[in-house]
Amino acid sequence: MSATQLLASDLDRLAAAGRKTPCQYVLRQGDERFISEDRDERESARGLCAGCPVLDLCRAAAIEEQCSWGVRGGVDFSDSRTRRAARRQHHRKINRSETA
């Protein structure tokens with residue numbers, strides 16, 4: 001199962017339990033800091049990700065989907081250096097788990 005599918009499943013499970021992720025709360029209120037062009041607003045969004053119950057899956061799904069803009073999984077994919085670093089770290093993590 002892909003990271004995107006796992007994320008969707010976990011989000012459905014959270015919704016069934018009456019819970020939402022931090023981004024779901026702010027996006028529902030019309031807050032667009034997760035996709036803002038303003039770096040400070042995106043940095044604020046990254047902080048909201050810190051306690052998210054699907055943080056790692058969200059990041060993995062964003063990498064899988066080759067996200068190129070906005071904040072997902074605590075990573076600002078708008079910054080190409082950060083995006084490349086997140087992908088390298090993700091691939092190292094996958095390679096370690098395959099050899100374990």
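Hydrogens, waters and symmetry mates play no part in the numbers below; they use all other heavy atoms, side chains included. These numbers come from a predicted model, not from an experiment. If you read the sequence from its start, that first residue is 1, and numbering goes on from there.
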Heavy-atom nearest pair, Phe34 first then Cys49, reads CE2-SG, 3.8 Å
### Task
Report yes or no: does Arg42 contribute a side-chain atom to a donor-acceptor pair with the main-chain N or O of Gly70 at less than 3.5 Å?
no
Sorted by chain and number, sequence neighbours left out, salt bridge (charged side-chain N to carboxylate O under 4.0 Å, His left out) with Glu43 holds for Arg46
Pair Ser78-Asp76, side-chain donor/acceptor within less than 3.5 Å = yes
Students should find that the hydrophobic cluster of Leu6, defined by side-chain heavy atoms under 4.5 Å apart, otherwise consists of Met1, Leu7, Leu11, Leu14, Val54, Leu57
Applied to residues 16-25, the side-chain hydrogen bond (donor to acceptor under 3.5 Å, both in side chains) test, sequence neighbours excluded, yields Thr21-Gln24
Ile35-Phe77 co-clustered via ILVMFWY side chain contacts under 4.5 Å
no
In short, side-chain hydrogen bond (donor to acceptor under 3.5 Å, both in side chains) pairs touching residues 3-18 with sequence neighbours left out are Ser2-Gln5, Thr4-Glu64, Thr4-Glu65
Residues at least two apart in sequence or cross-chain that pass side chain to side chain donor-acceptor pair (under 3.5 Å) with Glu32, listed by chain then number, are none
Here the pair of heavy atoms bringing Cys58 nearest to Gly73 is SG-N, 3.3 Å
The reported gap from CD in Glu41 to CG in Asp31 (rounded to nearest 0.5 angstrom) is 7.5 Å
